[in-house]
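Residue numbering restarts at 1 for every chain, and letters A, B, ... go by the order of the sequence lines.
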There are 2 protein chains.
Amino acid sequence: MPSVTVENYLKRILLLSAGNGGLVSMGALAEALAVVPGTVTTMVKALAADGLVVHAPRRGVRLTAAGRRLALGVLRRHRLVETFLVNVLKMDWGAVNAEAEQLEHAISDAVLDRLDALLGHPSVDPHGDPIPGRQGQLPSQVYATLATCGLARALRVVRVTDQSMEFLQFAEKHGLRPGAAVRVTDRHLASGLVTLRRPGGRPLTLSLVAAGRILVEPER
Amino acid sequence: MPSVTVENYLKRILLLSAGNGGLVSMGALAEALAVVPGTVTTMVKALAADGLVVHAPRRGVRLTAAGRRLALGVLRRHRLVETFLVNVLKMDWGAVNAEAEQLEHAISDAVLDRLDALLGHPSVDPHGDPIPGRQGQLPSQVYATLATCGLARALRVVRVTDQSMEFLQFAEKHGLRPGAAVRVTDRHLASGLVTLRRPGGRPLTLSLVAAGRILVEPER
DNA sequence: GAATACATTTTGACTAGTCAAAACAAACGG
DNA sequence: CCGTTTGTTTTGACTAGTCAAAATGTATTC
Ligand SMILES: [Mn+2]
Ligand SMILES: [Mn+2]
Ligand SMILES: [Mn+2]
Ligand SMILES: [Mn+2]
């Protein structure tokens, strides 16, 4: 019963509220939703009137419990759909975000439950993004990134936090998907470069910014 | 790029234009779309301005080639989605129409092609409704119905042309799905009753109207 | 502590889609 | 034929969502 627009706003607020204390600025929201800031102000006031968000004027917006519940539902649909598209339909993991952006609004609970069962109740999507549970549980473990981890340690990629097709295709090409073994051989702050090595692969150099988008955990 | 509303209008016009010479009345369209007739008149004028339909005022509306092309695309998505929901997700064939009504607007060509391949390029959906081809080919074979076929002949159900959950569950319960063997043992026009027999099943009586919703062909 | 810069909010306008109710045209029935 | 019924169109109003541009508030800088 919430509109596609409302679902997109709520999901986006949820995703952006990770960084700050849950407060999302109008500007960041406008940018992410590709609308003009004035539009966001207007919509956020409407969402606040519906009890889905709290609007602190000139400071930002945060989800209420009800808003968060809805947002997690959308996110669950999004990530289960992505998992389906990759695992069952064998689509490219760089393409599925755009597809799921539409499908997340068209999947009923009945279909979602069947999909979830078909996929074996996965806990993460193809990018390693955690899939919220049916009751909205969202495990939020903190991981190191290739920009912050220790040097020379045996690591495993757990998540790639960049939805852009270019980055994902680049990562895929170099075997940097969740589960892949990797170790950082060198990190040079002045030049902003990180060098990695994958077992049986050529050394790979990328920027600190890019490295920061790849989350890792110590091997076993 | 056509909106959900436009897609629904075009698909509905296509489905309703079967009966007449392609001309659909405003009233029938309004009824089917669950909007008021004035709304349909307004929308149809907008569709005509976009070259998707031809509006003959006070006579009706018909699809242009462009409109028909779009409508067939929506119908293809609808019926492939229904097939997926029944064949892969094992959903009830009475429930899938409502689900597909939403999903038909959210499926991209890329996803549709994969789905089509996964399903083995089916030519009909779970109700026996023909699935338009990628280039919009729509086989329109004419079938007899249980209300019009010959008596005592060995028949096979090919299609059930009623989307309502009640009818479909009723049909399912009595084994009347596409492929099922059946023969009409008696037809009584005065009372409007048709009696059938399925091999290994009890005799079943239904109204002429209901019988007319079940299309059949001669056994082999 | 002003002056300036930047983000946010407000205002006014626009589009898509809808309804209620009045006006209208065509068909029908006596 | 002429009045009545029926379906269609028109009119006016409303909601959701959006943008452009002006107004406003808060931070930053000197
Ligand atoms: Mn979306
Ligand atoms: Mn993802
Ligand atoms: Mn639909
Ligand atoms: Mn069907």
Under 4.0 Å, heavy atoms only, any strand: does B:T41 hit a base, just the sugar-phosphate, or nothing? base
Of C:dT18, D:dT8, C:dG17, the nucleotide closest to the side chain of B:V35 is C:dT18
Gap between atoms CD and P, on A:E31 and C:dT8 respectively (whole Å): 12 Å
So, OP1 or OP2 of C:dT18: does either fall under 4.0 Å of a side-chain N or O from B:T39? no
When rounded to whole Å, the NE2 to P distance for the pair A:H105 and D:dG17 reads 12 Å
Side-chain donor-acceptor contact under 3.5 Å, A:D125 with A:H78: no
Most 5' of A:V6 and A:G38 on DNA chain D, judged by nearest nucleotide: A:V6
Whole-Å gap separating C1' (D:dT26) and CZ (A:R59): 12 Å
So, do B:M165 and B:L168 sit near enough that their side-chain heavy atoms are less than 4.5 Å apart? no
Atom of B:P126, atom of B:T83 and distance for their closest heavy-atom approach: CD-OG1, 3.5 Å
For B:D50 and C:dT15, give me the distance from atom CG to atom P, rounded to whole Å. 14 Å
Could you give the CG-to-P distance, from B:L33 to D:dT8, as a whole number of Å? 14 Å
Other residues, nucleotides and ligands only: do more than 12 of their heavy atoms fall within 6.0 Å of CZ on A:R68? no
Please confirm whether the shortest side-chain N or O distance from A:Y9 to OP1 or OP2 of D:dT18 is below 4.0 Å. yes
Kindly point out which of C:dG17, C:dT9, C:dT18 is positioned nearest to the side chain of A:H55? C:dT9
Measuring from the side chain of A:S25 (C-beta onward, heavy atoms only), which nucleotide among D:dT9, C:dT9, C:dT8 has the closest atom? C:dT8
Closest nucleotide of DNA chain C for A:G60 versus for B:A34: which of these residues is on the 5' side? A:G60
Does the side chain of A:S3 get closer than 4.0 angstrom to OP1 or OP2 of D:dG17 through an N or O atom? yes
Distance check needed: D:dA16 P versus A:N8 CG, whole Å only. 17 Å
May I have the distance from A:M26 (atom CE) to C:dT9 (atom P), rounded to whole angstrom? 5 Å
Out of D:dT10, C:dT18, D:dT18, which has the shortest distance to the side chain of A:T42? D:dT18
A:R58 side chain, from C-beta outward: closest of D:dT9, C:dT10, C:dT9: C:dT9
Ranking D:dG17, C:dT10, D:dT9 by distance to the side chain of A:M43, first place goes to D:dG17
How long is the span from the CZ atom in A:R213 to the CZ atom in A:R159, to the nearest 0.5 Å? 12.0 Å
Atom-to-atom span, CG of B:L23 to C1' of D:dG7 - whole angstrom: 15 Å
